[in-house]
Amino acid sequence: MKNYELSVLFHPDMEMNLEPATAKIKDLIEKNGGKIIKVENEGKKRLAYAIRGQDFAVYCYYEVELPADAPAKIESVLNITDEVLRFLLVKVDERKLKYEAKQAARKPHGEDTDNNEEQQ
């Protein structure tokens with residue numbers, strides 16, 4: 001199973017009742033053998049350009065684990081889903097994650113010494 005990031009732009013009219021649309025995404029991922037790791041609803045935002053005549057969209061971000069054949073199936077379903085204006089499904093770079101974890105482990109625990117000196 002590989003890690004993926006899924007960003008979905010929902011129709012702005014869905015803002016008040018987003019639960020059915022997010023449940024549809026959750027079911028789609030789970031039916032294709034995937035697992036949702038993290039979900040973030042970033043709310044309604046203005047788009048840089050109009051998509052299907054809409055100037056706003058509700059942004060949702062998912063971190064998921066998917067088997068190899070699932071991304072193609074998920075993309076084909078999201079392409080025809082009425083609630084979804086746009087989506088982006090990308091594979092997470094494992095090397096970058098390992099590098100960031102290594103950098104975080106290298107940081108000393110007392111790194112905020114500059115802030116402490118200014119407060120004294």
Problem - Validation row: L85, P12 side chains within 4.5 angstrom (heavy atoms) - result: yes

Exercise for the section: Take K44 and Y59, measure what side chain to side chain contact (heavy atoms under 4.5 Å, CB included) needs, and give me the verdict at the end. Expected result: CA-CA 6 Å; K44 187 175 179 180; Y59 285 65; over 6 Å; no

Exercise for the section: Can you see which heavy atom on T81 is nearest to which on V77, and at what distance? Expected result: OG1-O, 2.7 Å

Exercise for the section: Flag the pair E94 and K96 as a salt bridge only when some basic side-chain nitrogen lies within less than 4.0 angstrom of an acidic carboxylate oxygen. Expected result: no

Exercise for the section: Measure the shortest side-chain to side-chain distance between L89 and L78 over non-hydrogen atoms and say whether it is less than 4.5 angstrom. Expected result: no

Practice task
Kindly compute the distance separating CD (E42) from OG (S7), expressed to the nearest 0.5 Å.
Solution key: 7.5 Å

Handout entry: L47 side, atom CG; D55 side, atom CG - distance, nearest 0.5 Å
Key = 7.0 Å

Problem - L9 vs V58 side-chain heavy atoms within contact, under 4.5 Å - result: no

Exercise for the section: For E100 and K98, run salt bridge (Lys or Arg N to Asp or Glu O under 4.0 Å): C-alpha distance rounded to whole Å, both residues' side-chain angles, the deciding distance at 0.1 Å, then the answer. Expected result: CA-CA 6 Å; E100 288 174 352; K98 289 177 185 176; over 6 Å; no

Practice task
Check whether the side chains of Y61 and E5 place a donor and an acceptor atom closer than 3.5 Å, and report yes or no.
Solution key: yes

Exercise for the section: Flag yes if more than 12 heavy atoms outside R52 fall under 6.0 Å of its CZ atom; otherwise flag no. Expected result: yes

Problem - Same apolar cluster: F87 and F56, side chain cutoff 4.5 Å - result: no

Completion exercise
Here the gap from F10 atom CZ to D82 atom CG, rounded to the nearest 0.5 Å, amounts to 12.5 Å

Completion exercise
CG of L66 to CD1 of I74, rounded to nearest 0.5 Å, is 4.5 Å

Practice task
Begin with the C-alpha distance, continue with both residues' side-chain angles, and end with the deciding distance and a verdict on side chain to side chain contact (heavy atoms under 4.5 Å, CB included) for L88 and V8.
Solution key: CA-CA 7 Å; L88 179 65; V8 181; over 6 Å; no

Completion exercise
Quick note, side-chain hydrogen bond (donor to acceptor under 3.5 Å, both in side chains) partners involving residues 20-33, not counting sequence neighbours, are K24-E83

Exercise for the section: Calculate, to the nearest 0.5 Å, the distance between atoms CD and CD1 belonging to E65 and I37 respectively. Expected result: 4.0 Å

Problem - Within one Ile-Leu-Val-Met-Phe-Trp-Tyr cluster: Y62 and M1, side-chain cutoff 4.5 Å - result: no

Practice task
With rounding to the nearest 0.5 Å, note down the distance linking CD1 in I25 to CD1 in I36.
Solution key: 8.5 Å

